[in-house]
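FYI, the numbering just counts along the sequence from 1. Values reported hereafter were calculated over all heavy atoms of this structure, with side chains retained and with hydrogens, waters and symmetry mates removed. These numbers come from a predicted model, not from an experiment. When a ligand or atom number is given, it counts from 1 through the structure's own listing order.
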Amino acid sequence: MLSLARSIRFVHGGNIINVAKLTLTSRKMSSGGLEAAGYSFETLKVTKPREYVLQVELNRPEKRNAMNAAFWREMVECFNKVSTDPDCRSVVVSGAGKLFTAGIDLQEIASLMPMESDVGRKSMKLKGAIARYQDTFTCMEKCPKPVIVAVHNACVGGGIDLITACDIRYCSQDAWFQVKEVDVGLAADVGTLQRLPKVVGNDSLARELAYTARKMMADEAMRCGLVSRILPDRESTIEAAIETAALIASKSPIAVQGSKVSIVYSRDHSVQEGLEHIACWNSAMLQSEDVMTAAMAAVEKKPAEFSKL
Ligand SMILES: CC/C=C\C=C\CC(=O)SCCNC(=O)CCNC(=O)[C@H](O)C(C)(C)COP(=O)(O)OP(=O)(O)OC[C@H]1O[C@@H](n2cnc3c(N)ncnc32)[C@H](O)[C@@H]1OP(=O)(O)O
């Protein structure tokens, strides 16, 4: 660890500020692939491939990462923890094995149905259950840390719900995407119908995919804006996602998380409401030490080191 003390005078908001001591800490990279401390799950493998970056891998490869009851519960536990983890600034989501995910576990789908005989009570219970399933992906959107998803091969049904709640989507050349729900007699209900049209900015295409359940291949996913990069294979897709996550993690966490909160808010509000929201947000956050830290680093032409958040 490298420590460097020096005195700097800086102008901020019309005031001259003396920064008595600037401590620069050298980067201590974690060894990738090791399970991240405190993140132990049955269906998810969480590792730390870079400093401040966590990789959450869907980890039921023998069942094609089908989403079972443990998965729906553990994703919420995982992302609630990520949200407040000062050692995490960005997240990569990937799938273990042959493909990204085969969607909801079809062998467990019958167990969704409550036992009540009265239709009203049954419906109320089911409504609560669907809301909890929705929370599984909404918690990724509510997590202030950017989430980059690396899709390879198949991304089916619930997989589309998952990836449309992420911030950034990359895929491999062999990736394909399928809003599969109508094929299993369902209207998609955990986010695809709400988020996909906004992600691709093409209402006609979103409806076509939802009504037909046709497969969309990687090239079309790129053209329509579902993904922003195509890489040759699974490994290079994950590596590219980790590189982007590491770049994000090197920036001010106050600025990055404020950007995410503002982008999500603005998507669902008018331009004027979005502007008012960010004005209120930044009336607090512009006072952060991160503004000074970033400015000083720029002046010194050195990488900025931001305090944990
Ligand atoms: C409140 C509701 C919330 C969410 C709703 C979401 C809706 C959906 O997700 S709809 C989509 C449901 N998924 C599917 O219809 C896909 C079914 N699977 C497949 O079509 C194929 O498995 C495949 C994805 C194309 C992959 O094919 P392949 O690589 O040849 O693998 P398989 O030999 O078919 O499967 C290997 C192994 O995995 C099991 N498995 C695969 N998918 C699922 C699944 N969705 N649910 C449960 N299990 C699945 C499959 O049974 C095999 O298991 P074995 O024990 O080896 O037999």
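When hydrophobic clusters are built by joining Ile, Leu, Val, Met, Phe, Trp and Tyr residues whose side-chain heavy atoms come closer than 4.5 Å, directly or via intermediates, Leu54 is not grouped with Val92. Residues Val53 and Phe306 do not share a hydrophobic cluster, defined by chaining ILVMFWY side chains whose heavy atoms lie under 4.5 Å apart.
Contacts with ligand 1 closer than 4.0 Å are made by no heavy atom of Phe137, backbone or side chain.
When Arg60, Gln107, Glu62 are checked for heavy-atom proximity to atom 37 (C) of ligand 1, Glu62 turns out nearest. The option with the heavy atom closest to atom 4 (C) of ligand 1, from among Asn68, Thr192, Asn65, Ile104, is Ile104. For atom 33 (O) of ligand 1, the nearest non-hydrogen atom from the set Lys63, Glu181, Arg64 comes from Arg64. Here the shortest heavy-atom distance to atom 24 (C) of ligand 1, taken over Pro61, Ala102, Gly191, Gly158, belongs to Ala102.
The closest protein non-hydrogen atom to atom 10 (S) of ligand 1 is Val184 CG2, 3.7 Å. From the protein, the heavy atom lying nearest to atom 47 (C) of ligand 1 is Asp105 OD1, 3.2 Å. Atom 30 (O) of ligand 1 has its closest protein heavy atom at Lys98 NZ, 3.7 Å.
We find the SG-CZ distance between Cys171 and Phe177 to be 4.0 Å, quoted to the nearest 0.5 Å.
For atom 19 (C) of ligand 1, the protein comes within 4.0 Å by no heavy atom at all. For atom 27 (O) of ligand 1, the nearest protein heavy atom is 4.0 Å or more away. Closer than 4.0 Å to atom 50 (C) of ligand 1 lies none of the heavy atoms of the protein. Taking a distance limit of 4.0 Å, we find that atom 57 (O) of ligand 1 is approached by no protein heavy atom.
Between Leu162 and Met67, the closest side-chain pair of non-hydrogen atoms falls below 4.5 Å.
The shell of residues lying under 4.0 angstrom from ligand 1, judged by heavy atoms, excludes Asp183.
If you look at Tyr265 and His277, their ring centroids are closer than 6.0 Å.
Of all the heavy atoms in Ala213 and Lys180, the pair that sits closest is CB-CA, 4.1 Å.
At least one donor-acceptor pair closer than 3.5 Å links the side chain of Ser236 to the backbone N or O of Asp233.
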